[in-house]
Undergrad: 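This structure is in structure tokens; I'll ask about it shortly.
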Amino acid sequence: GFLHAFKRDVTVMARSILLRGFDQDMANKIGKNMEAHGTKFIHGRVPTKLEKTNDDRIRVEWDGGYDIFDTVLTAIGRRPDTQHLGLDNAGVEVS
């Protein structure tokens, strides 16, 4: 991914499939390409604990292991809740 292109050590933890909602043939090709270019993956795991270390890093634990990282980014899927935003007043059409 883009962070690895900036010479960052990148690990992606995926609890299930990559890029849910996308064509899985393409999602798997993207994942394999990222791995081929140095991105590490932890498949089928969910973090159970995040803890700051004495040197201000982050220890991430999951069932069966742990690792220590400088930075942790979290991405979660969610359903939009736009009902009370007044988007119609702004001329935004929601389908």
Side-chain angles (χ1 to χ4, degrees):
F2 76 95
L3 292 173
H4 186 74
F6 288 119
K7 308 295 184 212
R8 296 311 213 194
D9 182 22
V10 177
T11 301
V12 174
M13 180 179 286
R15 66 181 170 90
S16 60
I17 62 174
L18 293 178
L19 300 171
R20 179 177 303 284
F22 288 81
D23 176 87
Q24 283 304 288
D25 286 337
M26 291 306 297
N28 290 329
K29 286 182 182 185
I30 291 168
K32 288 184 189 317
N33 183 274
M34 289 173 68
E35 280 185 297
H37 286 90
T39 298
K40 296 183 274 308
F41 283 87
I42 302 169
H43 291 282
R45 297 289 184 255
V46 176
T48 57
K49 183 177 183 181
L50 283 78
E51 181 177 62
K52 189 177 237 185
T53 65
N54 291 334
D55 60 351
D56 287 331
R57 297 178 77 203
I58 304 164
R59 177 185 165 110
V60 179
E61 296 181 12
W62 59 89
D63 185 29
Y66 76 92
D67 205 342
I68 297 175
F69 302 96
D70 295 322
T71 304
V72 173
L73 301 175
T74 303
I76 58 171
R78 37 186 321 217
R79 293 186 181 161
D81 183 12
T82 59
Q83 185 175 358
H84 302 290
L85 292 179
L87 295 176
D88 54 335
N89 296 329
V92 176
E93 184 178 326
V94 178
S95 58

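Note that the coordinates shown come from a computational prediction; the quantities given were computed from them, not determined experimentally. Residues take their numbers from the sequence shown, with the count starting at 1.
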Undergrad: Please list all pairs meeting salt bridge (Lys or Arg N to Asp or Glu O under 4.0 Å) that have one or both residues in residues 5-28, counting only residues at least two apart or in different chains.
TA: D9-K40

Undergrad: Take L3 and L73 through the side chain to side chain contact (heavy atoms under 4.5 Å, CB included) test and state the conclusion after the steps.
TA: CA-CA 11 Å; L3 292 173; L73 301 175; 4.0 Å; yes

Undergrad: With a 6.0 Å cut-off (strictly less than), is the heavy-atom count around NE2 of H37, excluding the residue itself, greater than 12?
TA: no

Undergrad: Restricting to non-hydrogen atoms, name the atom on R57 and the atom on D70 that form the minimum distance, rounded to 0.1 Å.
TA: NE-OD1, 2.8 Å

Undergrad: Applying the 4.5 Å side-chain criterion to the ILVMFWY set and letting contacts propagate, would M13 and F69 be lumped into a single cluster?
TA: yes

Undergrad: Do I42 and V12 belong together in a cluster built from hydrophobic side chains that touch within less than 4.5 Å?
TA: no

Undergrad: How long is the gap from NZ on K52 to CD1 on I58, to the nearest 0.5 Å?
TA: 7.5 Å

Undergrad: Which heavy atom of R45 sits nearest a heavy atom of D63, and at what distance?
TA: NE-O, 3.2 Å

Undergrad: Tell me, yes or no, whether the heavy-atom count around D88 atom CG, taken from other residues, nucleotides or ligands under 6.0 Å, exceeds 12.
TA: yes

Undergrad: Mind checking the CD-OG1 spacing from E61 to T48? Nearest 0.5 Å is all I need.
TA: 5.5 Å

Undergrad: Heavy atoms, side chains only, cut-off 4.5 Å: are L18 and F41 in contact?
TA: yes

Undergrad: In this structure, would I17 and I30 fall into the same cluster of hydrophobic residues linked by side-chain contacts under 4.5 Å?
TA: no

Undergrad: Among the clusters formed by ILVMFWY side chains lying less than 4.5 Å apart, do W62 and V72 turn up in the same one?
TA: yes

Undergrad: Within a strict 4.5 Å, meaning less than it, do heavy atoms of the V60 and L50 side chains meet?
TA: yes

Undergrad: K29: which residues meet the salt bridge (Lys or Arg N to Asp or Glu O under 4.0 Å) condition with it, sequence neighbours left out?
TA: none

Undergrad: If two hydrophobic side chains count as joined below 4.5 Å and joins carry through other members, does F2 share a cluster with F22?
TA: yes

